[in-house]
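As structure tokens, the structure follows; a few thoughts come after it.
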2 protein chains.
Amino acid sequence: MAATIKDIARETGLSLATISKYLNGGVLREKNRAAIERAIEKLDYHVNEYARGLKSNRSRTVGVVIPELSNLFVTQIISVVEGVLQEQGYSVVICDCRTDEERECRAVRFLLDKRVDGIINMPVCADGRHLRPAVERGIPILLLDRPLDALGGVASCVLLNNENAARMATRRLLELGHRRIGILVGPKDIYTSRMRLKGYRAALEEYGVTPAEELIAYGDYTLEGGHRQICRLLEEAEGMTAAFVTNYEMTLGTLIALNERGVRIPQELSLIGFDNMDLSRVARPPLTIVSQPLEEIGLQAARLMLERFSGERTAPVTVALSASLQEGKSTRRRRT
Amino acid sequence: MAATIKDIARETGLSLATISKYLNGGVLREKNRAAIERAIEKLDYHVNEYARGLKSNRSRTVGVVIPELSNLFVTQIISVVEGVLQEQGYSVVICDCRTDEERECRAVRFLLDKRVDGIINMPVCADGRHLRPAVERGIPILLLDRPLDALGGVASCVLLNNENAARMATRRLLELGHRRIGILVGPKDIYTSRMRLKGYRAALEEYGVTPAEELIAYGDYTLEGGHRQICRLLEEAEGMTAAFVTNYEMTLGTLIALNERGVRIPQELSLIGFDNMDLSRVARPPLTIVSQPLEEIGLQAARLMLERFSGERTAPVTVALSASLQEGKSTRRRRT
DNA sequence: TCAAATAAACGAAACGTTTCGTTTTCTTTA
DNA sequence: TAAAGAAAACGAAACGTTTCGTTTATTTGA
């Protein structure tokens, strides 16, 4: 049915090898090139990626393994990645592992079976064991959002400078005179969580404030967790005048809780949230938030992957990007 | 490097044909089956999808073309679709066309080049011209969210019963005594928009209320559009005591605008929004919303596609699902 | 103008499967 | 127990490319 390279060869009187050369960007006589192009047009020829993949063992496909597809933080990045890669003729196969290590393992194996040329992963499993098979096969790996030290530096990584981001937000609250600043971080063992906490501590120390343990709440990066933990802080952390919530879902949870309890922002509590612009505008008052450069993260990820493919870059690198503080009206100077 | 079917054949002393039969679920002697399984395990054999695809002309891949990847409505559906298809060994290639008809065309062609077995599409281009090449090749097409009559019924379709959804929401407001009910719909020429408007009108007529044109605002399904149009309604639609906003982004825009203007909900305006549960909880007061069965939509879409593949179903069908009304506290009885 | 050097085109094999028509092996049944 | 029938395994060709070693055509320099 569909035209093949053979049809083009017959039509032009050239050999298969020559057509293939054309298809792969080789140099050939101008009149032959023209003839081939004419034939391709006429026969509506399209390369059969399967035949090509079989021979060349490359699929022009990149696998993306993410913890959650219905998460704006994730999709905004992936959307950019997909756009860039598609432009270069690569398809993107997305696997949503639903924050499940077992599924994540399976996803990687699935993608390897599909002979993807590279894997982009926002890792769930902290020891990186799910990526072992990919490392063994030597295919390029790019990590998003969190590094995986256990991989021994074979993977590139694009992430936020979490420490600085948290430090910046905390500083802002300190500048406004707050000293009892609560923080909601994620699970203790998660990289972003540790780093954000580190930044928070660093800022406090900068201002000569001793971090009080009762002001630190470990949530689980979910809406419910945020809700629960902010309630705990409100009840147990006496004298708290400001709070910094370190991801989007928990920021949502916090807002819900504060609304329920009638805690006024910023009169009773100054609040800095994380990640989502729309939310910061719809909330009342508009929220001050730490905003990640999602577009840039996606661009860098795609770029790094493409550079690995083209051979421009062989050694893995880590790219750390900076967050910005989006000013809203949810903070105010502490009354002295 | 990697083991092939030949290696399995050598290891087991069986022929290629037999191994292939095993791989494709054929029936064979128990001891041969066991031997093959042992060999596969031992040699860590994995099917080469490219060789298989070349022969069988099937890719075990489904293309998904969507208008926007960073849109919860879309991703929640796609997430389900991906999960189901993956379980059946299919990969999902996602193309985000950014609500651009030209890109949408290109995406379809791209997927055809990739020899996808089927295409799932939430169409942007209303005349379906982008799908023509797919129709010609006879590959199964499944439309999400909106039908495409111009395709002449060759595509299956999974969508919301938009008319009923809007009628239900409008009825609710009517029951509460409201008579001057504003509605924010999308662009006039968009299917969902037309249907939702139709449902609104139907409900009004049911209650003997003549729909007033000044209560109908055509937005563009964006946050900004929602913001602008609700402002217009507030200014021009005298005596409006309730409003129904028919998608998520515009609901966000509406909330922002109402907050800005200090319009109290539900005291001054009863509000029913659309689509997103989290928002309905974080907003203050919690929002009453029309909620789409996203999970079900995804399941049906995947199921229908798989049935086409397996040959269980040959004729295209349209599945219309019902929305539910999620009660919040953003509506109240009109004071008489 | 002719040989040497360079550039372009060619032929054939290979990639790892599936499939179809055939042969071999196993079960029945008389 | 042998022949017939059913079930399972086999062999070989084909799918549409790429690639490597070789041949043919073109250009260059003397």
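Order of the sequence lines sets the chain letters (A, B, ...), proteins ahead of strands, with each chain counted from 1.
Comparing atom distances between the Ala17(A) side chain and each of dT26(D), dT18(D), dC20(D) picks out dC20(D) as nearest. For Ser15(A), counting side-chain heavy atoms from C-beta on, the closest listed nucleotide (dA8(C), dC10(C), dG16(D)) is dC10(C). Residue Thr18(B) places its side chain closer to dC10(D) than to any other of dT17(C), dC10(D), dT18(D). With dT17(D), dT17(C), dC15(C) as the candidates, the nucleotide lying closest to the side chain of Leu54(A) is dC15(C). Among the nucleotides dT17(D), dT25(C), dC10(D), the one closest to any side-chain atom of Arg29(B) is dT25(C). The side chain of Ala51(A) has dG16(D) as its nearest neighbour among dG16(D), dT17(C), dT25(C). Ranking dC15(D), dC10(D), dT18(C) by closeness to the Ile5(B) side chain, first place goes to dT18(C). Among the nucleotides dT18(C), dA8(C), dC15(D), the one closest to any side-chain atom of Lys6(A) is dC15(D).
The backbone N or O of Ala35(A) lies less than 3.5 Å from no partner atom in the side chain of Thr12(A), so there is not a single donor-acceptor pair.
Between the CG atom of Asn48(B) and the P atom of dT17(C) there is a distance of 5 Å, rounded to whole Å. In this structure, OH of Tyr45(A) is placed 3 Å from P of dT17(D), rounded to the nearest angstrom. Regarding Glu30(B), its CD atom lies at a distance of 17 Å from the P atom of dA7(D), rounded to whole Å. The nearest whole Å value for the distance from the OH atom in Tyr50(B) to the P atom in dT18(C) is 15 Å. Ile8(B) has its CD1 atom 13 Å from the P atom of dT18(C), to the nearest Å. Here dT23(C) presents its P atom at 20 Å from CG of Leu14(B), a figure rounded to the nearest Å. The CZ atom of Arg115(B) sits 20 Å away from the P atom of dT17(C) (whole-angstrom rounding). The interatomic distance linking Lys21(A) (NZ) with dA7(C) (C1') rounds to 8 Å, in whole Å.
A salt bridge is defined here as a Lys NZ or Arg NE, NH1 or NH2 lying under 4.0 Å from an Asp or Glu carboxylate O, and Arg129(A) with Asp127(A) meets this definition. We find that Glu307(B) and Arg303(B) are joined by a salt bridge, their nearest charged nitrogen and carboxylate oxygen being less than 4.0 Å apart.
At least one side-chain nitrogen or oxygen of Asn24(A) sits closer than 4.0 Å to the OP1 or OP2 atom of dT18(D). Of the side-chain N and O atoms in Ser20(B), one or more sit less than 4.0 angstrom from OP1 or OP2 of dT18(C).
For CD of Glu41(B), the number of neighbouring non-hydrogen atoms (other residues, nucleotides, ligands) closer than 6.0 Å is 12 at most.
The minimum heavy-atom distance between Gly128(A) and Leu151(A), with the atom names listed, is O-CD1, 3.5 Å.
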